[in-house]
Amino acid sequence: MPEFQAPVGTRDVLPPESARWERLIGLFAGRVGRAGYGLVVSPMFEDVGVFERVGEATDVVRKEMYDFEDKGGRHLALRPEGTASVVRAWVQHRPTLPFKAWYAAPSFRYERPQAGRYRQHHQLGVEVLGSADPDLDVEVIALGWGLYDDVGLSRVRLLLNSLGDATCRPGYLDALKTYLLEHRDKLCDEHKTRIDDNPLRVLDCKRPACVGVTERAPRMVDHLCDECAAHFDRVKSGLGELGIAYDIEPRLVRGLDYYTRTTFEFQAPALESAQNGIGGGGRYDGLAEQLGGPPTPGIGFGIGIERVLLACDAEGVFAAPTATADVFVVDVTGEAALKLVQELRNAGVAADRAFGGRSMKAQFKLADRSGAQVAVVVGPDELDRGIAKVRPLRGTGEEEEEVKLEELVDHVKKRLGTP
RNA sequence: GUGGCCGUAGCUCAGUUUGGUUAGAGCGCCAGGUUGUGGCCCUGGAGGUCGGGGGUUCAAGUCCCCUCGGUCACCCCA
């Protein structure tokens, strides 16, 4: 083992794996860009209060916060998720509404790592502030759905729920509390004491004891006020219009406290590990106000890059593209390659070469491995005559031919079909 | 935070049960076979604090303790 390794729960993404990241992020950027979303780059750490304000009763904040004190005595935290940061940025700068943002950024949670779970993971996400229109909920969900489609995932489940709003949720919480208190002795130890704290969290508990109780618990979807019910109905019908299949999951409450109305989660059943959630989000109509802004509706999601790629592995799709050169310059004299690759690259051709005065045989080996279609060979004889030899490497049956150096770039481009 | 399993070459692993000369293999890498031509083949080479520390012993990769790391699971989440 080397003396220094990546810290616990973090990892390095190197080629060729990193090429999938490039493609995935590129697909997402293209998709949300076409939908009018703009990139937001916000700090990886915030005043710890930003996150405490929005999730004081959640595990993400109570147990998993990656926080520290800086040299100036400020209590900061690496962001555990993307939404709070983006909403804080909106509150601070107040760009005009609707504010449609996307990001590709790391998040941090201090947990024990396991399959599909890291202390630093990366999320693709969008956030929209300024509209309560249920069609927007559908648009946002469709953006996530579309990304899974882009990468070729065919088995993605969409779980959908509504958590109501300030009108109907209090009444529901009372009903839920009453029910849970009646069955308190049957709950798991942790949740026997958390009913008052945040009864919704009990619905999220996966322990058999709690599940046995919550299976028959009152459901928010049965307690929605007229407005929330109408909103939810429109989200469902809108998803239907787009051909997006969903399952209603009345116990889906998600890990953060700020959600209102629509919540959703994307799962990849192909993942056999415990973590099969590959994305999730929801509406948070009270969050901007909690962070000191005016009452402003909002909605967004986060998609875990690592988990999406794991799901792709499980389905055998979205393989790593191999980076290939178009041309490999084999230079016997060591005098020609520097300028030739520069000219080729400037002309838009992917050109590579060997360094270190390698033997011709070694250079050809590298040329072969580079994936190049042709090798450009120059030695003393060619330099004297002002030519290069262009040799096909992929067994296309073509002959090696001699090309004048001043015509080389055009010849290679024509041969490769590069515009 | 709790628990199971695992740490030997760049990678995948054998060797640990029953302690015993200079720790092996395949792949990869480098060179040569071909003084200017890749893939296939042949030959050779480089590369190891056996995760780290301590202990037992004439002797430790092998046994004991501690520790660090990896992995999987619980809880929760992307």
Side-chain angles (χ1 to χ4, degrees), chain A residues 1-11 14 55 57-65 79-83 103-125 144 147 188-191 194 201-202 204-210 252-256 265-268 271-281 300-311 328 330-333 354 356 358-383 388-395 400:
Chain A
M1 292 295 120
E3 182 181 1
F4 296 113
Q5 297 181 64
V8 174
T10 70
R11 43 177 222 149
L14 308 175
T58 67
D59 284 356
V60 167
V61 169
R62 286 161 40 133
K63 326 196 299 197
E64 300 163 7
M65 192 90 88
R79 66 162 164 251
E81 55 102 37
T83 302
Y103 58 85
S107 290
F108 305 85
R109 292 176 200 172
Y110 195 87
E111 309 176 85
R112 285 281 290 272
Q114 66 183 84
R117 195 174 71 186
Y118 307 95
R119 287 188 178 174
Q120 175 176 344
H121 73 281
H122 299 79
Q123 292 190 20
L124 301 168
L147 181 69
C188 77
D189 290 343
E190 182 182 347
H191 288 116
R194 285 190 70 183
R201 297 244 58 81
V202 183
D204 203 29
C205 183
K206 305 298 187 298
R207 291 190 181 94
C210 281
L252 179 71
V253 302
R254 315 258 329 125
L256 291 312
E265 186 167 308
F266 298 105
Q267 291 184 353
L271 285 178
E272 289 176 9
S273 57
Q275 279 70 230
N276 66 351
I278 54 174
F301 67 67
I303 288 176
I305 291 179
E306 288 87 349
R307 289 196 187 168
V308 168
L309 293 177
L310 284 172
F328 198 96
V330 172
D331 178 11
V332 185
T333 66
R358 310 284 298 272
S359 71
M360 171 146 271
K361 176 173 178 164
Q363 292 191 49
F364 264 98
K365 266 191 173 171
L366 293 172
D368 189 48
R369 265 183 251 148
S370 76
Q373 294 300 309
V374 296
V376 167
V377 188
V378 288
D381 179 50
E382 286 83 357
L383 284 183
K389 286 182 177 154
V390 177
R391 176 184 175 82
L393 291 172
R394 297 291 152 224
E400 182 170 302

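Basis for what follows: all heavy atoms, side chains included, without hydrogens, waters or symmetry-related copies. Sequence lines set the chain letters: A, B, ... in the order given, protein chains first and strands last, and positions in each chain run from 1.
Looking at A:Gln363, its side chain does come within 3.5 Å of a backbone N or O of A:Arg358 through a donor-acceptor pair. Within the 3.5 Å criterion, the main-chain N or O of A:Ala115 finds a donor-acceptor partner in the side chain of A:Gln275.
Between the CG atom of A:Asn276 and the P atom of B:rC76 there is a distance of 14 Å, given to the nearest Å. A:Met65 places its CE atom 17 Å from the P atom of B:rG1, with the value rounded to the nearest Å. Distance CD (A:Glu265) to P (B:rC76): 12 Å, rounded to an integer number of Å. Computed from coordinates, the A:Ile278 CD1 to B:rA78 C1' distance equals 10 Å when rounded to whole Å.
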Once base and sugar-phosphate atoms are separated, protein heavy atoms under 4.0 Å mark nucleotides 33-50 of chain B, 5' to 3', with B, S and - as B--BBBB-----------
Q. Would A:Arg201 and A:Asp204 count as a salt bridge (Lys or Arg N to Asp or Glu O under 4.0 Å) if you check the C-alpha gap in whole Å, the side-chain angles of each, and the deciding distance to 0.1 Å?
A. CA-CA 5 Å; A:Arg201 297 244 58 81; A:Asp204 203 29; 2.9 Å; yes
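Remark: the separation of the C1' atoms in B:rU21 and B:rC58 is 15 Å, to the nearest Å. B:rG61 and B:rU22: their P atoms are spaced 10 Å apart (whole Å). Comparing the same atom, C1', in B:rU62 and in B:rU16 gives a spacing of 4 Å after rounding to whole Å. Comparing the same atom, C1', in B:rA9 and in B:rG51 gives a spacing of 14 Å after rounding to whole Å. Of the P atoms belonging to B:rC65 and B:rG26, the separation is 36 Å, rounded to the nearest Å. Nucleotides B:rC29 and B:rG19, compared at atom P, are 40 Å apart to the nearest Å. A distance of about 15 Å separates the C1' atoms of B:rU56 and B:rC66, rounded to the whole Å.
The two residues A:Val330 and A:Phe364 make their nearest non-hydrogen contact at CG1-CE1, 3.9 Å.
Among the protein residues, A:Gly116 comes within range of the nucleic acid bases, having at least one heavy atom under 4.0 Å from a base atom. Residue-level contact check: A:Arg358 touches the backbone only, with heavy atoms under 4.0 Å from sugar-phosphate atoms and none from bases. Within the 4.0 angstrom heavy-atom criterion, only backbone atoms of the sugar-phosphate kind lie near A:Arg201; the bases stay farther away. As judged by a 4.0 angstrom heavy-atom cut-off over every strand, A:Val330 is placed among residues making no nucleic acid contact. Note on A:Tyr118: a base of the nucleic acid sits closer than 4.0 angstrom, heavy atoms only.
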Protein-nucleotides 73-75 of chain B N/O pairs under 3.5 Å:
{"residue": "B:rA73", "atom": "OP1", "partner": "A:Ala274", "partner atom": "N", "Å": "3.3"}
{"residue": "B:rA73", "atom": "OP2", "partner": "A:Gln114", "partner atom": "NE2", "Å": "3.2"}
{"residue": "B:rC74", "atom": "N4", "partner": "A:Arg117", "partner atom": "NH2", "Å": "3.3"}
{"residue": "B:rC75", "atom": "N3", "partner": "A:Arg117", "partner atom": "NH1", "Å": "3.2"}
{"residue": "B:rC75", "atom": "N4", "partner": "A:Gln114", "partner atom": "OE1", "Å": "3.2"}
{"residue": "B:rC75", "atom": "N4", "partner": "A:Arg117", "partner atom": "NH1", "Å": "2.3"}
{"residue": "B:rC75", "atom": "N4", "partner": "A:Arg117", "partner atom": "NH2", "Å": "3.4"}

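Between A:Val378 and A:Thr333 the shortest side-chain heavy-atom distance does not fall below 4.5 Å. No side-chain heavy atom of A:Val308 sits under 4.5 Å from any side-chain heavy atom of A:Leu124. Contact annotation: the side chain of A:Arg394 approaches that of A:Asp368 to within less than 4.5 Å [non-hydrogen atoms, C-beta and beyond]. Two residues are said to be in side-chain contact when any heavy atoms from C-beta on lie closer than 4.5 Å; A:Phe108 and A:Arg119 fail this criterion. For the pair A:Tyr103 and A:Gln123, the minimum side-chain heavy-atom distance is below 4.5 Å.
Residues forming a ring pair (Phe, Tyr, Trp, His ring centres under 6.0 Å) with A:His121 (at least two apart in sequence, or on another chain): none.
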